[in-house]
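Worksheet for the structure shown next.
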Amino acid sequence: MTSRPPQQPDREIKSLRDEIRRHERLYYVLDRPEITDAEFDALMRRLRELEAAFPQYASDDSPTRRVGGERSNTFAPVPHRVPMLSLDNCYSEEEFMDWHARVVKGLGGEKFELAVEAKIDGLSCSIEYAGGRLARASTRGDGETGEDVTLNVRTIGAVPLSLPAGAPGDFEARGEVYMDKRDFESLVKEALEAGEEPFVNPRNAAAGSLRQKDPAVTARRRLKFFAHSYGHLAAGAEPASHWEYLERCRELGFPVSSVRKLCGGAVEVVDFYRDHAEKRFSLPYEIDGLVVKVNSLRQQKLLGFTAKSPRWAIAFKYPAQQAVTRVLGVEFSVGRTGAVTPVAQLEPVKCGGVTISSATLHNFDEIARLGLKIGDRVVIERAGEVIPKVVRADASARDGSERDIVPPKKCPSCGSELFKDEEEVALRCVNPSCPAQLRRSLLHFASRDAMRIEGLGESSVDQLLARGLLKSFPDIYRLKKEDLLGLELFKDKKAGNLLAEIARSKEQPLSRLIYALGIRHIGEKSGRTLAEHFRTMKAFMDAGPEELAKVPDVGPVVAEAVSEFFKSAATRSMIGELESLGLRMDEPERASSGNKLDGRTFVFTGELKGMTRSEAQARVRGLGGKETSSVSAKTSYVVAGADPGSKLDKARKLGVTVLTEEEFLKLLAGE
DNA sequence: CCGCCTCGAGTTCT
DNA sequence: CTCGAGGCGG
């Protein structure tokens with residue numbers, strides 16, 4: 001390329017920058033480019049040349065600085081001046097109307113407008129300007145503190161590096177960083193051609209691209225940005241409404257979604273929602289719902305916040321993405337208790353951002369209800385949850401080649417005959433030495449809530465089983481270093497770690513051991529109740545049904561299951577072996593550090609920041625409180641961490657007190 | 001006997 | 001997380 005000698009380099013640089021900015025805005029913000037990509041690139045090249053030749057005119061907010069040459073090794077934490085909260089979700093018109101009714105009530109019947117925007121599937125980001133220049137950009141993180149991704153955000157064309165004259169000097173825009181469907185598709189293609197694992201959905205691609213160490217990589221990913229929320233507002237600069245704020249963002253050069261509407265009432269919102277149920281698929285980016293906000297900031301303040309989200313906004317999501325696929329076959333998995341469960345093998349299909357290849361069918365009643373045959377075309381969905389579900393079979397798509405799903409007569413693992421208890425749905429394999437059951441039992445025994453043997457997971461157990469080194473629980477405690485070193489996947493250190501873990505697990509209290517044995521109907525909770533009642537394994541083993549039934553929460557069915565379990569001489573001698581191998585066989589007196597929480601019950605939902613859930617549960621128990629798994633009117637507190645699930649909704653419905661993690665800690669500390 | 005409160009068991013994918 | 005079912009109070 002030829003460089004003509006500039007007459008007045010400073011003036012040419014300035015006009016080039018202005019022109020490039022104008023085209024960036026046309027392309028990214030207005031979606032109305034006036035020049036081709038090649039022409040745009042030529043302008044960029046010329047500007048780069050000039051800046052290189054006349055470094056005295058370099059400037060931080062030049063469009064050439066979008067692709068940073070610098071690298072950042074870590075993402076520094078950035079505390080958010082105003083927390084970045086997540087939104088509450090609703091999945092149906094009915095739930096939306098419930099939210100609307102709460103707003104009406106909260107505003108005491110006052111009239112209000114609703115601002116509706118597309119909810120883009122990307123990741124939220126805060127962008128702060130100081131003195132009119134982009135000063136810092138950060139991810140949402142846990143809502144309180146995010147990660148500094150300034151260098152990467154600078155590469156996003158749609159994000160202005162500086163604000164136009166007359167803009168407030170200090171400004172924070174919050175919005176969504178996302179990737180267009182088309183850019184995502186080509187990224188996937190490139191990755192496949194390069195033999196790399198592609199991102200599974202545009203959201204992950206955007207998140208992965210933003211967290212690149214090298215901003216040059218981020219720059220190539222063509223990320224985009226929509227402003228959608230305010231963060232910190234400079235005093236005196238508050239807009240009167242959300243709609244006004246969006247207009248201001250546009251004036252400052254930020255793109256905002258064109259899928260939006262200012263609605264006068266709930267009916268208009270629902271119409272807009274229905275209208276976009278189909279239309280959304282033809283948008284250039286993925287949306288999973290709408291965000292509905294009370295428009296007036298004054299009314300927003302009036303409504304305030306709940307433990308985790310604003311009361312004045314809600315994400316009105318489209319129902320579980322459904323997908324259509326075919327049933328390739330049905331496999332039968334054998335559980336720890338011998339229960340045989342049919343699992344549909346599906347032709348892999350994308351649904352809600354992940355690829356689904358199998359789905360449980362639960363039992364044969366379910367198969368009958370669905371009228372399902374192998375080869376059927378089926379509709380699957382991942383509702384508000386994660387677990388895929390077959391919704392219905394499409395009988396009209398049959399061509400006659402479909403086959404019935406026949407309940408197996410024999411166990412798919414050991415070939416022994418299967419039985420069906422009267423009045424029970426499940427088929428069971430009753431062979432006590434069935435390999436599939438043994439495998440699941442061993443995994444259960446070692447699992448985190450039972451004997452907690454880290455390193456004895458699926459792959460180790462499979463290898464040890466294949467070598468014939470594990471045939472029973474006591475065998476775990478007979479493993480020697482030589483046994484492990486014979487296996488491919490065990491290096492010296494790893495073998496030592498596993499043996500240390502195994503030795504450590506011998507000290508687990510009786511309650512965990514009882515649970516680990518996998519007696520039917522005995523879970524974690526009953527294990528503890530029984531251990532606390534009987535104190536020693538001997539007393540527990542020798543208890544008759546009537547003695548067992550005296551234990552709270554133990555009725556005839558559970559009592560029968562326990563005596564049945566210990567009736568077998570083999571079981572009793574297995575327990576004897578465990579004892580002689582040095583396992584603890586009693587329950588230590590619980591060190592109760594008080595009973596401040598006596599009689600109060602807790603339910604946890606979402607992820608805690610400062611501790612794991614089992615630590616939190618242990619602390620509640622230590623103070624005399626109880627932890628349960630489901631919310632009811634009797635629940636004293638629901639502790640909501642990050643990303644809480646349906647239990648939070650239930651708590652609200654029942655009027656149960658909801659605590660944040662901070663409030664929970666204060667309660668533990670006795671405040 | 002009914003209905004509420006719990007617990008247990010099984011499951012998917014990253 | 002959800003479903004099914006056991007335990008128990010009314």
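Worth knowing before you read on, the calculation uses all heavy atoms, side chains too, and leaves out hydrogens, waters and symmetry mates. Residue numbers begin at 1 in each chain, while the letters A, B, ... track the order of the sequences. In this text the structure is predicted, and so the values were computed from the model without any measurement.
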Query - Phosphate-side-chain proximity, Arg336(A) and dA9(B), N/O vs OP1/OP2 below 4.0 Å - result: yes
Query raised in the report: Atom NE2 of His521(A) to atom C1' of dA9(B): distance rounded to whole Å?
Result: 10 Å
**Report entry** Thr341(A), nearest nucleotide to its side chain (from dG10(B), dC13(B), dT6(B))
**Finding:** dG10(B)
Report task. Return the value, rounded to whole Å, for the distance between atom NZ of Lys389(A) and atom P of dC13(B). Result -> 16 Å
Requested in this report: Answer yes or no: is there a side-chain heavy-atom contact under 4.5 Å between Leu456(A) and Phe445(A)?
Outcome: no
Query raised in the report: Separation of Lys626(A) atom NZ from dC5(B) atom C1', in whole Å?
Result: 10 Å
Requested in this report: Using whole Å, report how far CD of Glu524(A) lies from C1' of dC7(B).
Outcome: 11 Å
Requested in this report: Just compare dC5(B), dC1(C), dC7(B) and give me whichever is closest to any side-chain atom of Thr605(A).
Outcome: dC1(C)
Query raised in the report: So, is Ser629(A) close to the dC1(C) phosphate, meaning a side-chain N or O under 4.0 Å from OP1 or OP2?
Result: no
Report task. State which residues pass side chain to side chain donor-acceptor pair (under 3.5 Å) with Gln437(A); sequence neighbours excluded, sorted by chain then number. Result -> none
Query raised in the report: Is the shortest heavy-atom distance from the side chain of Leu498(A) to the side chain of Ile453(A) under 4.5 Å?
Result: yes
Query raised in the report: Between atom CD1 in Ile522(A) and atom P in dG7(C), what is the gap in whole Å?
Result: 9 Å
Query - Along DNA chain C (nearest heavy atom to each residue), the more 5'-positioned of His362(A) and Val557(A) - result: His362(A)
Query raised in the report: To the nearest Å, how far apart are Leu654(A) CG and dC5(B) P?
Result: 8 Å
Query raised in the report: Got a donor-acceptor contact below 3.5 angstrom from the His521(A) side chain to the Ala559(A) backbone?
Result: no
Requested in this report: Would you check if Glu663(A) and Thr657(A) make a side-chain contact, meaning some heavy-atom pair closer than 4.5 Å?
Outcome: no
Requested in this report: Report yes or no: does Glu176(A) contribute a side-chain atom to a donor-acceptor pair with the main-chain N or O of Gly122(A) at less than 3.5 Å?
Outcome: yes
Query raised in the report: Under the 3.5 angstrom rule, does the side chain of Arg572(A) hit a backbone N or O of Phe566(A) as a donor-acceptor pair?
Result: yes
Report task. Consider the side chain of Val558(A), meaning its heavy atoms from C-beta on, and name the nucleotide among dT11(B), dG7(C), dC1(C) that approaches it most closely. Result -> dG7(C)
Query raised in the report: Whole-Å distance between dC13(B) C1' and Gln345(A) CD?
Result: 14 Å
Polar atoms only, N or O, under 3.5 Å: list the protein pairs with nucleotides 8-10 of chain C and their distances.
unit_1: dC8(C); atom_1: OP1; unit_2: Asp553(A); atom_2: N; d: 2.8

Query raised in the report: Distance check: side-chain N/O of Ser333(A) vs OP1/OP2 of dG10(B), anything under 4.0 Å?
Result: no
Report summary line: Rounded to whole Å, the CD-P distance (Glu627(A) to dG8(B)) equals 11 Å
Query raised in the report: Does Arg520(A) make a side-chain N or O approach to OP1 or OP2 of dG6(C) shorter than 4.0 Å?
Result: no
Query raised in the report: Closer than 4.0 Å, any side-chain N/O of Lys634(A) to the OP1 or OP2 of dC5(B)?
Result: no
Report task. Kindly write out the residues that satisfy side chain to side chain donor-acceptor pair (under 3.5 Å) with Asp586(A), not counting sequence neighbours, or none if the list is empty. Result -> Arg584(A)
Report task. Please determine, for the side chain of Ser630(A), which listed nucleotide (dG6(C), dT11(B), dT6(B)) has the closest atom? Result -> dT6(B)
Requested in this report: Please determine if a side-chain N or O atom of Lys525(A) lies less than 4.0 Å away from the OP1 or OP2 oxygen of dG8(B).
Outcome: no
Query raised in the report: Taking only N and O in the side chain of Ser358(A), is any of them less than 4.0 Å away from OP1 or OP2 of dC13(B)?
Result: yes
